[in-house]
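Everything on this sheet refers to the single structure shown next.
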Amino acid sequence: MISLFLIGMLVYQSGDTLQFVAQDSVVDIMILEDSVVVGDTGYVAVKQGKVSEDHKYYLIHESVVLDGEEVVRSKVTFFDADNNLLWEERGEEGRNIPYDFSGIYSGLLVVTIWDRHGGYPVFYVMKDGEKVEIVEKGEWQQLLDYKVSPNGRYFFFYTRNPYSGKMWDHLYFYDLVERRDWEYLFPTCMSCKKGWVEISVDDSGRCEAVYKGEHRVFSKTGVLEEIFMKIH
């Protein structure tokens, strides 16, 4: 497909099209057919892609969906811009790999695997050929969102888990370098009110969680440094 002798290959994405560029020239194009009906079976094959911000890596996510709802098979494959295979993960029976929760950040390969209902996730990263499992199966019932610091060191998760008979919102932080973590249980049952928490994390590990204008700011060690309201 792509010559490995081309220097400085980069990959760009425009909709369902990946363009491979070397020395300011497009040398190859990959078109992803994101929805292909498989005969009269009711199955639809879906193929999607993502490109890293530095355009040096990309992933291909493939799934087979039954009747437009149930994902029966999924796979994510990571490549560098020279089309060298870096890593591949296939969903096991009853477990799927969601497209939205797979990614490439600062050279890290990120994979999430959960059940058919989006529950009981596993979340791991590949860094320099090492697999680091950050969220183990059974640790959380739901993984709603995550953010990665621009330098690829810190991970900040928005999760839900049962507490006192109800589903409560939790925050979970992980330092990939020091392999340290902390978690925070919201003092009120946010999920009972059907709210949503917006999260972010910067290169110093400083985290922010926002719920209905209320901002909570944490240090990288999990200290709640400030709470303030911002009225729009």
[X], [atom1] atom: more than 12 neighbouring heavy atoms under 6.0 Å:
X	atom1	value
Lys56	NZ	no
Leu224	CG	yes
Tyr12	OH	yes
Arg73	CZ	no
Tyr120	OH	no
Glu53	CD	no

Quiz item: Judged by atom type as modelled, is there a donor-acceptor pair below 3.5 Å linking the side chain of Ser74 to the main-chain atoms of Ile97?
Solution: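 Yes, Ser74 side chain to Ile97 backbone: donor-acceptor pair under 3.5 Å.
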Practice problem: Say whether, by atom type as modelled, one donor and one acceptor occur between the side chain of Gln13 and the main chain of Gly49 under 3.5 angstrom. | Solution: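 Yes, Gln13 side chain to Gly49 backbone: donor-acceptor pair under 3.5 Å.
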What is the minimum heavy-atom distance between [X] and [Y], and which atoms define it?
X	Y	answer
Gln48	Leu32	C-CD1, 3.7 Å
Glu178	Lys220	OE2-NZ, 4.4 Å
Val110	Phe78	O-CZ, 3.5 Å
His170	Trp168	CD2-O, 3.3 Å
Tyr57	Val11	O-CG1, 3.7 Å
Val201	Ser149	CG1-N, 3.6 Å

Practice problem: Calculate, to the nearest 0.5 Å, the distance between atoms OG1 and CD belonging to Thr77 and Glu62 respectively. | Solution: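 So the gap between those two atoms works out to 6.0 Å.
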Quiz item: In chain order, what residues pass the ring-ring contact (aromatic ring centres under 6.0 Å, His included) check against Phe173, with sequence neighbours excluded?
Solution: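 Tyr154, Trp182.
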For the residue pair [X] and [Y], establish whether any side-chain heavy-atom pair is separated by less than 4.5 Å.
X	Y	result
Asp203	Arg153	no
Met9	Val27	yes
Tyr172	Asp181	yes

Practice problem: Decide if the gap between the ring center of Phe186 and the ring center of Tyr211 is smaller than 6.0 angstrom. | Solution: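 No; Tyr211 has its ring centre 6.0 Å or more from that of Phe186.
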Practice problem: Could you check Glu208 against Arg206 for salt bridge (charged side-chain N to carboxylate O under 4.0 Å, His left out), going step by step and ending with a plain yes or no? | Solution: CA-CA 7 Å; Glu208 186 171 13; Arg206 185 179 174 89; over 6 Å; no
Kindly list each side-chain donor-acceptor pair under 3.5 angstrom involving residues 130-143, sequence neighbours excluded, with atom names and distances?
| unit_1 | atom_1 | unit_2 | atom_2 | d |
| --- | --- | --- | --- | --- |
| Glu130 | OE1 | Arg179 | NH2 | 3.4 |
| Glu139 | OE1 | Glu136 | N | 3.1 |

Exercise. Run the salt-bridge test on Asp169 and Arg160 with the 4.0 Å N-O cut-off and return the result as yes or no.
Key: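 A salt bridge is present here (some side-chain N lies under 4.0 Å from a carboxylate O).
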Self-check item: Asn83 and Tyr58: side chain donor to acceptor below 3.5 Å
Solution: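 Looking only at side-chain atoms, Tyr58 and Asn83 do form a donor-acceptor pair, the distance falling under 3.5 Å.
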Quiz item: Step by step, would you call Leu109 with Ile104 a side chain to side chain contact (heavy atoms under 4.5 Å, CB included)?
Solution: CA-CA 5 Å; Leu109 314 182; Ile104 310 173; 4.1 Å; yes
